[in-house]
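Only one structure is covered here, and it is reproduced in the block below.
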Amino acid sequence: YVQTSRDVLASNSANIPPKVLEFMDKAAAQADRAGKIIRRLRQLYERGESEMVLTDLNALVKESLGLAVLGASEKGVKVSLDLATDLPQVAIDRIQIQQVIFNLARNAIEALEKCERRELSISTVRTPEAIEVAVEDTGPGLPEEIAQTLFDPFHTTKATGMGLGLSICRSIVESHGGRIVATSRSGEGTRFVFTLPLDTQEQSIDA
Ligand code: ADP
């Protein structure tokens with residue numbers, strides 16, 4: 001309605017101060033953004049029960065990246081994978097974990113856009129209790145003003161960002177019993193690592 005009112009005003013009167021039209025454009029854009037946030041939250045919470053399936057995490061990483069890195073090589077981003085060969089299958093909600101990998105990789109690619117050196121690496125390793133997935137970039141590092149609140153919702157440094165990606169990642173990882181942490185060095189890059197605990201009873205039969 002705001003957008004239509006703006007268009008009607010603009011086309012029927014020559015005397016509308018340009019600032020008024022600009023503010024109406026901004027109001028419309030913010031209403032749109034609020035709508036997107038609500039839709040995104042609803043999608044997340046309406047999913048209800050998680051569907052836990054024994055999964056080959058390396059295969060899932062490759063699947064998720066296929067989508068996330070679309071267009072990355074045109075932007076000069078070099079993507080490398082270092083996947084452990086000794087991973088047991090792990091019980092996860094595939095769609096949710098795909099979303100985590102996708103969000104982390106998209107954030108990294110976006111961060112790299114402003115940098116000379118554009119490298120994204122994804123690795124998996126097995127520890128005694130968990131599988132660790134790391135998504136690392138050679139971007140600018142985390143902005144200081146956001147470092148303390150990184151995983152809280154609605155904290156963003158992007159003009160059109162929703163600040164929901166990392167908070168959704170944390171909810172998903174924690175609902176799997178894992179943890180997600182970020183380390184970053186200004187001007188040198190950022191590394192996100194999340195863990196997915198192994199059910200050592202069941203999954204000690206690796207073969
Ligand atoms: P959004 O992408 O909508 O801003 P996120 O929760 O995914 O929301 O990210 C929050 C903020 O964290 C981003 O706005 C950005 O400032 C910062 N950030 C996330 N990932 C990276 C990264 N790999 N490098 C630098 N900054 C990052």
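Counting starts at 1 for both ligands and their atoms, following the listed order. Computed from a predicted model, the values in this text were never measured in an experiment.
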### Query
Does Gln148 CD have over 12 foreign heavy atoms under 6.0 Å away?
no
### Query
At what distance is the nearest protein heavy atom to atom 7 (O) of ligand 1, and which residue and atom is it?
Asn107 ND2, 2.8 Å
### Query
For ligand 1, is there an N or O atom under 3.5 Å from any N or O atom of Leu166?
yes
#### Entry: Residue, atom name and distance, where the atom is the protein heavy atom closest to atom 4 (O) of ligand 1
Thr156 OG1, 2.5 Å
### Query
Measuring from the heavy atoms of Phe151, does anything fall under 4.0 Å of ligand 1?
no
### Query
Against heavy atoms of Gly141, which atoms of ligand 1 measure under 4.0 Å?
25 (C)
### Query
Members other than Leu21 in its cluster, when Ile, Leu, Val, Met, Phe, Trp, Tyr link by side-chain heavy atoms under 4.5 Å?
Val2, Leu9, Ile16, Val20, Met24
## Note on the structure
Note: ligand 1 atoms sitting under 4.0 Å from heavy atoms of Ala111 are 22 (C), 24 (N), 25 (C)
### Message
Could you tell me, atom by atom, which parts of ligand 1 come under 4.0 Å of a heavy atom of Pro143?
### Response
16 (O), 26 (N)
### Query
Under 3.5 Å, side chain of Thr138 to main-chain N/O of Glu119, donor-acceptor pair present?
yes
### Message
Quick check on Arg179: does its CZ atom have over 12 non-hydrogen neighbours (other residues, nucleotides or ligands) under 6.0 Å away?
### Response
no
### Query
For Lys26, does the NZ atom have more than 12 heavy-atom neighbours from other residues, nucleotides or ligands under 6.0 Å away?
no
### Message
How far is atom 27 (C) of ligand 1 from the closest protein heavy atom, and which atom is that?
### Response
Leu142 CD2, 3.5 Å
## Note on the structure
among protein heavy atoms, the one nearest atom 8 (O) of ligand 1 is Gly163 CA, 3.2 Å
### Message
Is there a side-chain contact (heavy atoms from CB on, under 4.5 Å) between Thr127 and Glu132? Walk through the geometry before answering.
### Response
CA-CA 7 Å; Thr127 69; Glu132 278 184 12; 3.6 Å; yes
#### Entry: Side-chain heavy atoms of Arg117 within contact of Cys115, under 4.5 Å
no
### Query
Just by distance, do the side chain of His176 and the backbone of Ile172 share a donor-acceptor pair under 3.5 Å?
yes
#### Entry: ligand 1 N/O within reach of Asp137 N/O, cut-off under 3.5 Å
yes
### Hydrophobic cluster identity match, Leu198 and Leu83, side-chain contacts under 4.5 Å
yes
### Task
Would you confirm whether Asn58, through its side chain, and Leu87, through its main-chain N or O, come within 3.5 Å as a donor-acceptor pair?
no
### Summary
Of Thr157, Asn103, Val135, Thr138, the residue with the heavy atom nearest atom 14 (O) of ligand 1 is Thr157
### Query
Which protein heavy atom lies closest to atom 2 (O) of ligand 1, and at what distance to 0.1 Å?
Lys158 NZ, 2.7 Å
### Query
Taking only heavy atoms of Ala108, which atoms of ligand 1 are found under 4.0 Å from at least one of them?
23 (N)
## Note on the structure
In ligand 1, the atoms that come under 4.0 Å of a heavy atom of Leu150 are 12 (O)
### Task
Determine, for Glu113 against Arg118, whether the closest basic-nitrogen to carboxylate-oxygen distance falls under 4.0 angstrom.
no
### Query
Which atoms of ligand 1 sit under 4.0 Å from any heavy atom of Ile146?
11 (C)
### Message
Return the closest protein heavy atom for atom 10 (C) of ligand 1 as residue, atom name and distance.
### Response
His155 O, 3.4 Å
### Message
Only heavy atoms of Gly165, strictly under 4.0 Å: list the atoms of ligand 1 that pass.
### Response
5 (P), 6 (O), 7 (O), 8 (O)
